[in-house]
Protein chains: 2
Amino acid sequence: MPARSPHRSSRSAASRGNATRTVAVLVVILTVDEGRLRVLLIRRSAEPHRDDWSLPGGLLLHDETFEAAAIRKLEEETGVAEVFLEQLYTFSDLDEQGSVAVAYFALVDIRQALLAERSDWLPAWFPVADHPELAFKNKQVVGYALSRLRSKLDYSNVAYSLLPEEFTLSQLQGTYEAILGRALDKRNFRKRMTSVGLVEPTGRQGSVARHRPAQLYRFRERKPVVF
Amino acid sequence: MPARSPHRSSRSAASRGNATRTVAVLVVILTVDEGRLRVLLIRRSAEPHRDDWSLPGGLLLHDETFEAAAIRKLEEETGVAEVFLEQLYTFSDLDEQGSVAVAYFALVDIRQALLAERSDWLPAWFPVADHPELAFKNKQVVGYALSRLRSKLDYSNVAYSLLPEEFTLSQLQGTYEAILGRALDKRNFRKRMTSVGLVEPTGRQGSVARHRPAQLYRFRERKPVVF
DNA sequence: CCAAAAGTGTTGGCTGTACACCCATGT
DNA sequence: ACATGGGTGTACAGCCAACACTTTTGG
């Protein structure tokens with residue numbers, strides 16, 4: 001424990017600059033469709049970056065919290081609510097004006113999402129692995145959401161938000177495979193899902209594919225749970 | 001795939017409220033000293049919550065990023081830089097004015113931290129498990145930092161920032177125990193640390209305690225790495 | 001000589017992974 | 001009949017947790 005000399009004094013209040021900024025929210029909305037993980041993008045109709053694709057987002061309303069704004073944006077674009085939504089990261093350098101953007105990510109069931117029908121700012125789903133160039137630094141944000149999702153998949157039930165209430169284990173496995181980008185062993189997958197208590201069988205059977213009827217399962221919890 | 005009717009239209013720009021807010025940074029600075037995990041608190045000299053303890057923080061300077069502001073605050077309070085620092089969470093409801101606060105957390109080596117010497121706003125270390133009431137919702141923020149730290153401890157090398165460059169395995173174990181709040185088995189701990197390649201022996205020995213000299217180790221990387 | 005910390009291996013249980021075949025249904 | 005997806009068990013390997021004693025040094 002060296003006894004060093006006293007150092008820097010506290011900064012004076014006089015040196016403060018502009019402590020107010022414009023604040024916005026960004027939402028990375030992900031779904032799984034046709035075996036691929038997809039992200040919702042909109043085409044910008046305003047400058048800057050007019051006609052570029054970008055993540056949905058916008059300024060906060062008066063007195064609105066970030067979470068409320070994220071929920072509002074999600075609802076505006078997809079019509080769904082009550083899905084998995086989590087804060088991702090906060091950026092203060094996405095543009096050159098030092099505006100503040102809080103990114104969220106959300107997982108939606110493609111069957112329940114109805115994209116907003118607008119002529120401008122039209123939203124569309126793109127494969128995460130193969131999407132167009134994005135405005136600002138939105139590509140980083142998508143990448144961040146993807147890595148967060150992949151790591152959560154292992155030890156949580158986030159996938160509940162990507163599927164209908166009842167589903168077959170094959171559908172669930174397909175969802176996992178689309179997110180992880182690799183094939184999984186069927187027997188090991190089923191063993192783990194049931195032994196960890198993530199899902200439980202309903203009584204019912206359903207014929208999802210056009211072949212043999214299959215046992216339907218549901219998530220034990222339809223809100224975020226970690227294991 | 002039900003064909004539902006078109007829904008909500010895009011929100012008009014006219015309904016936007018104040019999209020500018022005051023923005024601040026909060027830093028949860030943690031250390032391990034005398035076998036306990038401790039957090040740095042300052043006593044507020046200004047309203048609101050005058051004389052209450054709170055986390056260090058403050059408004060952003062002109063054009064400053066959140067990360068830069070967090071580093072600046074950390075340096076003001078402890079005199080250290082180049083430590084582990086990570087964004088934690090962003091709040092828009094800590095006070096009633098809807099101001100935005102981005103919380104960071106940092107890990108510092110108590111031997112290198114020299115607290116700022118001020119008569120007002122004096123900083124002090126408190127055990128995380130037993131600290132005074134805090135202003136605003138700072139207690140939540142500390143709790144969040146703690147859980148993040150605990151989960152990172154397992155699969156990363158964050159502890160590098162809590163120890164000097166060279167240390168004994170017993171010191172390292174003590175650090176882990178302080179953070180996790182429970183005793184660890186010495187043999188298992190050593191096995192894991194070395195087998196995972198987190199630390200490596202230096203040639204040297206040191207006599208940290210007042211007894212038998214011990215092998216000194218160092219972290220292979222002194223920046224964040226995950227395993 | 002006593003107190004305090006350093007150092008060192010083995011075992012059992014659990015978990016994750018690899019791997020192949022038959023069955024029911026619809027076309 | 002055949003194509004498609006549903007459903008099932010075992011064996012091996014690696015990882016983690018439990019567990020106790022000897023050595024060295026300083027006081």
Side-chain angles (χ1 to χ4, degrees), chain A residues 32-36 150-157 159 163-164 166-218 226-227, chain B residues 32-35 150-157 163-164 166-218 226-227:
Chain A
V32 172
D33 190 30
E34 294 176 350
R36 306 189 70 175
R150 282 186 176 154
S151 67
K152 284 224 155 184
L153 201 54
D154 251 45
Y155 58 92
S156 83
N157 67 344
L163 289 164
E166 303 197 343
F167 49 86
T168 66
L169 282 185
S170 295
Q171 283 180 293
L172 182 61
Q173 183 175 345
T175 302
Y176 271 65
E177 289 174 334
I179 294 170
L180 297 174
R182 64 190 164 90
L184 298 174
D185 181 87
K186 196 183 357 176
R187 284 164 292 187
N188 295 335
F189 183 77
R190 294 159 106 88
K191 208 184 313 171
R192 202 162 60 87
M193 288 300 119
T194 52
S195 77
V196 80
L198 203 157
V199 297
E200 60 189 1
T202 70
R204 282 178 289 286
Q205 292 206 328
S207 203
V208 172
R210 60 203 174 291
H211 292 290
R212 180 178 182 180
Q215 180 59 242
L216 292 176
Y217 288 78
R218 73 164 72 91
V226 292
F227 297 99
Chain B
V32 172
D33 190 31
E34 293 176 351
R150 281 185 177 155
S151 66
K152 285 224 154 186
L153 202 53
D154 251 45
Y155 58 91
S156 83
N157 66 346
L163 288 164
E166 303 197 341
F167 49 85
T168 66
L169 282 184
S170 294
Q171 282 179 294
L172 182 61
Q173 183 175 345
T175 302
Y176 271 65
E177 288 174 335
I179 293 169
L180 298 173
R182 66 191 162 89
L184 298 175
D185 180 88
K186 195 180 1 174
R187 285 164 292 185
N188 294 335
F189 183 77
R190 288 164 177 256
K191 209 183 314 172
R192 203 162 59 86
M193 288 300 119
T194 52
S195 76
V196 81
L198 204 158
V199 296
E200 60 189 1
T202 72
R204 280 178 290 285
Q205 292 207 328
S207 202
V208 172
R210 61 201 173 291
H211 293 290
R212 180 180 181 180
Q215 180 58 244
L216 293 177
Y217 288 77
R218 73 164 72 91
V226 291
F227 298 100

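So that the names make sense, note that chain A is the first sequence line, chain B the second, and so on, each numbered from 1. Keep in mind it's a predicted model, so treat the numbers as computed, not measured.
A distance of 8.0 Å separates CG of L216(A) from CD of Q171(A), quoted to the nearest 0.5 Å. R182(A) CZ to L184(A) CG: the interatomic distance, rounded to the nearest 0.5 Å, is 5.5 Å. Rounding to the nearest 0.5 Å gives a distance of 6.5 Å between CG of L180(B) and CZ of R150(B). Residue N157(B) holds its CG atom at 10.5 Å from CE of M193(B), rounded to the nearest 0.5 Å. Considering CG of L169(B) and CZ of F189(B), their distance stands at 7.0 Å, rounded to 0.5 Å.
Taking the side chain of K191(B) as heavy atoms from C-beta on, and the options dA17(D), dG9(D), dG6(D), the nearest nucleotide is dA17(D). Closest to the side chain of R187(A), out of dG7(C), dA20(C), dA17(D), is dA20(C). Closest approach to the H211(B) side chain among dA20(D), dT25(D), dC19(C) is made by dT25(D) (side chain taken as heavy atoms from C-beta onward). Checking dG7(C), dG6(D), dG9(C) against every side-chain atom of N188(B), the shortest atom distance belongs to dG9(C). When distances are taken from the side chain of S170(B) to each of dA24(C), dA6(C), dG7(C), the shortest belongs to dA6(C). Comparing atom distances between the R190(B) side chain and each of dT8(C), dG7(D), dG16(C) picks out dT8(C) as nearest.
Residues D185(A) and Q215(B) each lie close to DNA chain C; by heavy-atom proximity, the contact nearer the 5' end of the strand is made by Q215(B).
What separates CZ of F167(B) from P of dA6(C) is a distance of 13 Å, to the nearest Å. Atom pair L184(B):CG and dA18(D):P shows a separation of 11 Å (rounding to whole Å applied). One can place NZ of K186(B) at 7 Å from C1' of dA5(C), the figure rounded to the nearest angstrom. Residue R192(A) contributes atom CZ, which lies 19 Å from atom C1' of dG7(D) at whole-angstrom precision. Straight-line distance from the OH atom of Y176(B) to the C1' atom of dC16(D): 16 Å, rounded to whole Å. Taking atom OH on Y217(A) and atom P on dG6(D), their separation rounds to 11 Å, with Å as the unit. With rounding to whole Å, M193(A) atom CE is found 13 Å from dG16(C) atom C1'. If you measure from atom CD of Q173(A) to atom P of dT8(D), you get 14 Å, rounded to the nearest angstrom.
Side-chain atoms of R212(A) come within donor-acceptor range of the base of dC23(C), with a qualifying N/O pair under 3.5 Å.
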